[in-house]
Protein chains: 2
Amino acid sequence: MADRANAPAEPGPRRVTKRRAETRQRLLQAALAVFAEEGFGRTTVDQVCARAGYTRGAFYSNFETLDELFLAVWEHRSTELITRTREAFEAFEQAAVKDVDGVVTHLLRAVPLDEDWYRVSAEFTAHALRTPELRRVIVEREQAIAASAMPFLFAALAEIGRTVPDPEALGQALVAVHDGTALQCFSEPGNTTVQQRRTSLFAHVITAYSSESRQQS
Amino acid sequence: MADRANAPAEPGPRRVTKRRAETRQRLLQAALAVFAEEGFGRTTVDQVCARAGYTRGAFYSNFETLDELFLAVWEHRSTELITRTREAFEAFEQAAVKDVDGVVTHLLRAVPLDEDWYRVSAEFTAHALRTPELRRVIVEREQAIAASAMPFLFAALAEIGRTVPDPEALGQALVAVHDGTALQCFSEPGNTTVQQRRTSLFAHVITAYSSESRQQS
DNA sequence: CGTATCGGATACATTCGTGTATCGAACGGA
DNA sequence: TCCGTTCGATACACGAATGTATCCGATACG
């Protein structure tokens with residue numbers, strides 16, 4: 001009650017220590033792995049902690065409920081992937097692209113296909129649709145993805161003399177195509193045809209949503 | 001032990017009665033609803049039985065495990081949807097289509113968007129990726145979908161003078177687009193723009209994967 | 001260094017779900 | 001109508017996961 005220091009009615013932990021951040025991090029990492037293996041719904045607090053090298057005490061000291069952890073894991077990992085993608089794009093900066101296929105190659109190389117992540121996000125998606133306050137989280141994330149990747153795509157297209165009349169429509173289309181084709185690739189891992197079709201679907205969509213402007217830069 | 005009648009070492013129930021089929025059916029139906037609401041992973045045997053108006057005895061008399069029920073529900077519902085779609089197509093038989101947009105309209109009207117089903121199948125998908133012997137089930141289903149719907153699509157396209165060079169590629173592309181856009185529609189229910197974009201994405205893809213042959217029929 | 005707070009470990013009580021074994025009623029065949 | 005079989009209900013025992021309360025080692029700070 002009689003807190004003298006800087007305690008303005010904040011019930012959270014007063015001083016966030018270094019150790020705490022480390023623990024939290026390891027729990028997030030472990031949870032992602034366990035969710036991918038067991039499924040969120042069948043995952044137990046103990047499994048996550050064991051995989052991270054803790055006991056259940058660590059969990060209850062950092063999270064209230066498994067749902068909270070699920071959300072944290074998903075947000076953490078998805079921002080991580082967005083960052084990684086942007087970095088990959090920046091690395092391509094000066095690489096020359098000649099045509100739409102070249103753009104697609106870049107795009108697909110920057111956007112990784114991660115089966116573990118697919119499993120987890122598929123289940124999170126279903127979970128979010130069941131939880132009203134989580135719906136917005138999903139659309140925000142999709143917008144963030146588009147906002148982060150599109151500029152690079154435009155730049156690449158501009159290089160080959162193409163412009164995009166309706167950027168948002170293309171963004172939405174590409175996200176849909178990415179999500180939809182991901183499953184196909186995972187369910188037939190060895191099948192190269194599926195992956196080629198994925199590539200050409202991207203090419204077709206990008207072509208359809210962009211138009212030849214004039215000269216190449 | 002000393003079974004005299006027609007018991008050729010078959011451990012399953014000898015005579016499948018009418019009541020049994022009815023029970024099974026109601027369990028499947030109830031399970032679908034509960035899975036959609038609670039998620040498969042968090043669903044309990046008792047919840048399913050209660051919703052169907054039974055007690056747990058009914059379940060254990062019809063299924064071994066929840067996983068088995070999950071698979072049964074998914075297979076039942078997805079074949080049901082395939083049938084329904086084909087019927088919808090057949091009803092359109094003589095309706096006149098003028099252009100690609102007309103074809104898309106038909107297509108989207110025949111293929112329903114069902115959020116409950118999306119939730120369940122998303123989770124089933126993740127579940128199947130975790131379970132080696134279920135991967136093939138998914139690809140088989142996707143092939144069945146394509147095989148069932150494509151003929152109608154070709155017929156409609158033929159009517160407006162278009163042919164499809166690579167049918168399988170188009171089938172795969174459309175399934176991917178359907179799956180990918182479904183989530184977008186569900187996460188922003190009120191947003192009509194999203195749905196329009198979905199429609200035009202279908203149109204673009206169909207256009208890109210078909211070519212003008214000659215005259216209309 | 002010494003001390004106070006923090007963070008994770010441990011122990012405990014409790015709830016919840018499962019699987020099985022048994023019972024009784026409905027059903028189907030003659 | 002009667003009898004045997006089937007199917008779902010009920011009861012029970014067990015295991016597993018949760019949440020909390022408490023303890024002790026680690027860490028930050030003066």
Side-chain angles (χ1 to χ4, degrees), chain A residues 1-31 34-35 37-72 127, chain B residues 1-31 34-35 37-72 127:
Chain A
M1 286 280 182
D3 260 346
R4 65 210 160 192
N6 49 3
E10 189 103 308
R14 281 79 173 155
R15 309 171 191 163
V16 189
T17 65
K18 202 166 70 178
R19 176 158 70 133
R20 193 172 194 82
E22 155 83 5
T23 303
R24 211 185 137 88
Q25 199 66 13
R26 278 171 58 190
L27 282 177
L28 290 177
Q29 216 176 312
V34 177
F35 290 163
E37 278 179 19
E38 308 285 333
F40 166 69
R42 292 245 182 275
T43 293
T44 175
V45 172
D46 200 48
Q47 285 175 306
V48 174
C49 296
R51 158 98 51 153
Y54 295 104
T55 63
R56 299 204 352 269
F59 172 83
Y60 286 107
S61 165
N62 281 278
F63 300 93
E64 291 275 324
T65 154
L66 264 185
D67 280 37
E68 186 189 329
L69 174 62
F70 196 18
L71 174 58
H127 176 68
Chain B
M1 284 281 182
D3 259 347
R4 64 204 161 197
N6 49 1
E10 188 104 308
R14 281 80 175 154
R15 308 171 191 165
V16 190
T17 66
K18 203 166 69 176
R19 177 158 69 133
R20 194 173 193 80
E22 156 83 3
T23 304
R24 211 186 137 89
Q25 199 66 15
R26 277 170 59 191
L27 282 177
L28 289 177
Q29 215 177 313
V34 177
F35 291 163
E37 278 180 17
E38 308 284 334
F40 166 69
R42 291 248 183 275
T43 293
T44 172
V45 172
D46 199 48
Q47 285 176 306
V48 174
C49 297
R51 158 98 50 154
Y54 296 104
T55 64
R56 300 204 349 268
F59 172 84
Y60 286 108
S61 165
N62 281 277
F63 300 94
E64 291 276 324
T65 155
L66 263 186
D67 280 37
E68 185 189 329
L69 174 62
F70 196 18
L71 174 58
H127 176 68

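- Between the C1' atom of C:dG28 and the CZ atom of B:R20 lies a distance of 15 Å, rounded to the nearest Å.
- Using a 4.0 Å heavy-atom criterion, one finds that B:Y60 contacts the bases of the nucleic acid, with or without backbone contacts as well.
- The aromatic rings of A:F40 and A:F35 lie perpendicular to each other, with more than 60° between the two planes, well past the 30° mark.
- The side chain to side chain donor-acceptor pair (under 3.5 Å) search around A:Q29 returns none, not counting sequence neighbours.
- For B:T44, whose side chain is taken as the heavy atoms from C-beta onward, the closest listed nucleotide among C:dG17, D:dT18, C:dG8 is C:dG17.
- Of the candidates C:dA9, D:dG8, C:dG7, C:dA9 carries the atom nearest the A:A58 side chain, counting heavy atoms from C-beta on.
- Spacing between atom CD of A:E22 and atom P of D:dA28 amounts to 12 Å, rounded to whole angstrom units.
- Remark: P of D:dG15 and CG of A:D46 are 17 Å apart, rounded to the nearest angstrom.
- Put simply, CZ on A:R24 is 16 Å from C1' on C:dG8, counting in whole angstrom units.
- Note on the helix from C:dC1-D:dG30 to C:dA30-D:dT1: angle between the axes of the first and last five pairs equals 30°, rounded to 10 degrees.
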> Do A:R51 and A:E37 pass the salt bridge (charged side-chain N to carboxylate O under 4.0 Å, His left out) test, and can you show the C-alpha distance, the side-chain angles, and the key distance before you say yes or no?
Replying inline: CA-CA 12 Å; A:R51 158 98 51 153; A:E37 278 179 19; 2.9 Å; yes
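- In this structure, the nucleotide among C:dG8, D:dT10, C:dT18 sitting nearest to the side chain of B:T55 is D:dT10.
- Closest approach to the A:R19 side chain among C:dA26, D:dT27, D:dT18 is made by D:dT27 (side chain taken as heavy atoms from C-beta onward).
- Taking atom NZ of residue B:K18 and atom P of nucleotide C:dC27, one finds them 9 Å apart after rounding to whole Å.
- Whole-Å rounding puts the B:R56 CZ to D:dT10 C1' distance at 10 Å.
- The CG-P distance, from A:D67 to D:dT18, rounds to 12 Å in whole Å.
- Separating the CZ atom of A:F63 from the P atom of D:dA17 is a distance of 20 Å, rounded to the nearest angstrom.
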